Amino acid sequence: MQKLKKYFFERKTAVVAKELLGQILVRKTEKGLISGIIIETEAYLGKEDLASHANRGKTPRNQIMFAEGGFWYIYLIYGIHHCLNIVTEKNNRPGAVLIRALEPLRGLKEMKINRQTENIKNLTNGPGKLCQALKIDRRLNQTSALNADSELFIVQSKISIPENKIKKAPRIGVDYAGIWKDKPLRFYIKDNLFVSKR
DNA sequence: TATTGGATCGCC
DNA sequence: GCGATCCAATAG
């Protein structure tokens, strides 16, 4: 049960996004632990990346993207859903990885309650869905994933994902981003049943 | 101060 | 394919 540490996150965002595949996201709640294997991520880079919230510089919402690695960046999208990101790179180097999908591991019962469905494949196969399943909202925004008392953190997996099981693709929902919409900054595990769908 | 549109989801 | 529903970001 080894938490990922600061040096893991303080690297190039695309590298972190890729290496997060297979790692385990853990949520501590009053009802116990809820966890899942990270099977899909997207990298959002700095001000050059037209799809990234950081591209217009620091604002009240995105300021945590400019912090040192290992903080959570959680925001509300479309007025309804939350998106979960982990901040990457060193202080003043904006970047974050969007966690798009999980393979459920523990706390299945809680996830079903939180998501109001019995269908396991529909619990965590999308960024908004996994936040609902793990009870993640903006109360956790700007908190650290690195502390002993973190309510949300990532545990190192014993199993590493072989290179030939990792797929790269353009990011989803960023058609407005010019040449950046086609960059292969989305990473997912091939043939995994919980990859989000278009 | 007003307007616009989004790193989504679920139902029509 | 479209509406839900909030609020950050920008323009005026």
Side-chain angles (χ1 to χ4, degrees), chain A residues 9 12-21 25 36 38-67 69 71-89 93-104 111-142 145 152 154 167-189 192-198:
Chain A
F9 300 108
K12 290 284 176 203
T13 305
V15 172
V16 178
K18 186 174 150 190
E19 293 193 12
L20 276 174
L21 297 180
L25 179 70
I38 298 170
I39 57 105
E40 180 180 352
T41 60
E42 284 176 2
Y44 287 86
L45 315 186
K47 71 174 199 297
E48 73 281 6
D49 180 359
L50 295 176
S52 173
H53 288 174
N55 94 89
R56 290 180 193 161
K58 199 185 277 191
T59 68
R61 181 175 69 164
N62 70 19
Q63 55 166 314
I64 195 67
M65 286 186 77
F66 292 73
F71 286 93
W72 294 114
Y73 172 39
I74 301 165
Y75 62 90
L76 188 65
I77 189 71
Y78 301 112
I80 302 175
H81 305 288
H82 294 276
C83 283
L84 174 67
N85 301 252
I86 186 79
V87 173
T88 58
E89 311 231 12
R93 305 275 181 173
V97 173
L98 172 67
I99 298 178
R100 286 195 59 87
L102 305 174
E103 179 176 326
M111 291 196 219
K112 287 175 181 172
I113 294 167
N114 295 341
R115 290 272 305 129
Q116 305 262 26
T117 176
E118 288 291 315
N119 181 355
I120 294 186
K121 288 206 298 261
N122 197 27
L123 291 176
T124 54
N125 61 334
K129 296 179 187 182
L130 75 88
C131 284
Q132 195 180 23
L134 273 64
K135 273 198 151 56
I136 293 166
D137 62 30
R138 283 182 299 168
R139 283 175 299 194
L140 292 169
N141 187 32
Q142 301 190 1
L152 185 63
I154 302 172
K167 299 276 277 178
K168 297 181 180 68
R171 293 170 292 182
I172 290 178
V174 296
D175 289 349
Y176 58 84
I179 59 162
W180 285 86
K181 81 179 167 73
D182 297 317
K183 304 255 184 197
L185 291 172
R186 174 176 175 236
F187 302 88
Y188 60 94
I189 297 179
N192 188 286
L193 289 174
F194 299 89
V195 172
S196 69
K197 25 187 157 203
R198 264 286 202 196

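Letters go in sequence order (proteins before strands), and every chain restarts at 1. These numbers come from a predicted model, not from an experiment.
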Check this one for me: any side-chain N or O of [X] less than 4.0 Å away from OP1 or OP2 of [N]?
X: A:Lys181; N: B:dA7; answer: no
X: A:Thr59; N: C:dA8; answer: no
X: A:Arg61; N: C:dC6; answer: no
X: A:Arg115; N: B:dC9; answer: no
X: A:Tyr75; N: B:dG6; answer: no
X: A:Arg100; N: B:dA7; answer: no

For [X] and [N], give me the distance from atom [atom1] to atom [atom2], rounded to whole Å.
X: A:Arg56; N: B:dG5; atom1: CZ; atom2: P; answer: 11 Å
X: A:Arg171; N: B:dT8; atom1: CZ; atom2: P; answer: 12 Å
X: A:Asn125; N: B:dC9; atom1: CG; atom2: C1'; answer: 10 Å
X: A:His82; N: C:dC7; atom1: NE2; atom2: C1'; answer: 12 Å
X: A:Asn85; N: B:dT8; atom1: CG; atom2: C1'; answer: 14 Å
X: A:Leu130; N: B:dC9; atom1: CG; atom2: C1'; answer: 13 Å
X: A:Asp137; N: C:dC6; atom1: CG; atom2: C1'; answer: 14 Å
X: A:Asn119; N: B:dG10; atom1: CG; atom2: C1'; answer: 13 Å

Query - Presence of donor-acceptor pair under 3.5 Å, side chain of A:His53 and base of C:dA8 - result: no
Query - Polar side chain donor-acceptor pair, A:Asn55 to A:Lys47, under 3.5 angstrom - result: no
**Report entry** Under 3.5 Å side-chain donor-acceptor pair for A:Asn125 and A:Lys129
**Finding:**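 A pair is found: one side chain offers a donor N or O, the other an acceptor, under 3.5 Å apart.
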Report task. Please test A:Thr124 against A:Glu103 for side-chain hydrogen bond (donor to acceptor under 3.5 Å, both in side chains), starting from the C-alpha separation and ending with a verdict. Result -> CA-CA 7 Å; A:Thr124 54; A:Glu103 179 176 326; over 6 Å; no
Report task. Describe the nucleic acid contact of A:Arg186 in one word from base, sugar-phosphate, nothing, applying a heavy-atom distance below 4.0 Å. Result -> nothing
Query raised in the report: What pair of heavy atoms forms the shortest contact from A:Val195 to A:Ala101, and how long is it?
Result: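 Smallest heavy-atom distance, with atoms named: CA-CB, 4.5 Å.
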Query - Heavy-atom pair of closest approach, residues A:Thr41 and A:Leu20 - result: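 Result for this residue pair: CG2-CB, 4.2 Å.
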Report task. Starting at the 5' end of DNA chain B, write a dot or bracket for each base, bracketing those in Watson-Crick or G-U wobble pairs whose two distances are under 3.5 Å and using | for partners on another strand. Result -> ||||||.||||.
Quick one: which of [options] gets closest to the side chain of [X]?
X: A:Val174; options: B:dA7, B:dT8, B:dG10; answer: B:dA7
X: A:His81; options: B:dT8, B:dA7, C:dT10; answer: B:dT8
X: A:Asn62; options: C:dC7, C:dA9, B:dA7; answer: C:dA9
X: A:Leu76; options: B:dT8, B:dG10, C:dC6; answer: C:dC6
X: A:Lys129; options: B:dA7, B:dG10, C:dC7; answer: B:dG10

**Report entry** Sidechain-backbone polar pair: A:Gln142 side chain, A:Phe71 backbone, donor-acceptor under 3.5 Å
**Finding:** no
**Report entry** Test item: A:Val97 and A:Phe9 side chains (from C-beta on) under 4.5 Å apart, heavy atoms
**Finding:**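 Answer no - side chains too far apart.
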Query raised in the report: Using 4.0 Å as the upper bound for N to carboxylate O, is an ion pair formed by A:Glu42 and A:Arg171?
Result: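 A salt bridge is absent here (no side-chain N lies under 4.0 Å from a carboxylate O).
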Query raised in the report: Do we see A:Tyr78 stacking on the base of C:dA4, given a limit of 5.5 Å between centres and 30° between planes?
Result: no
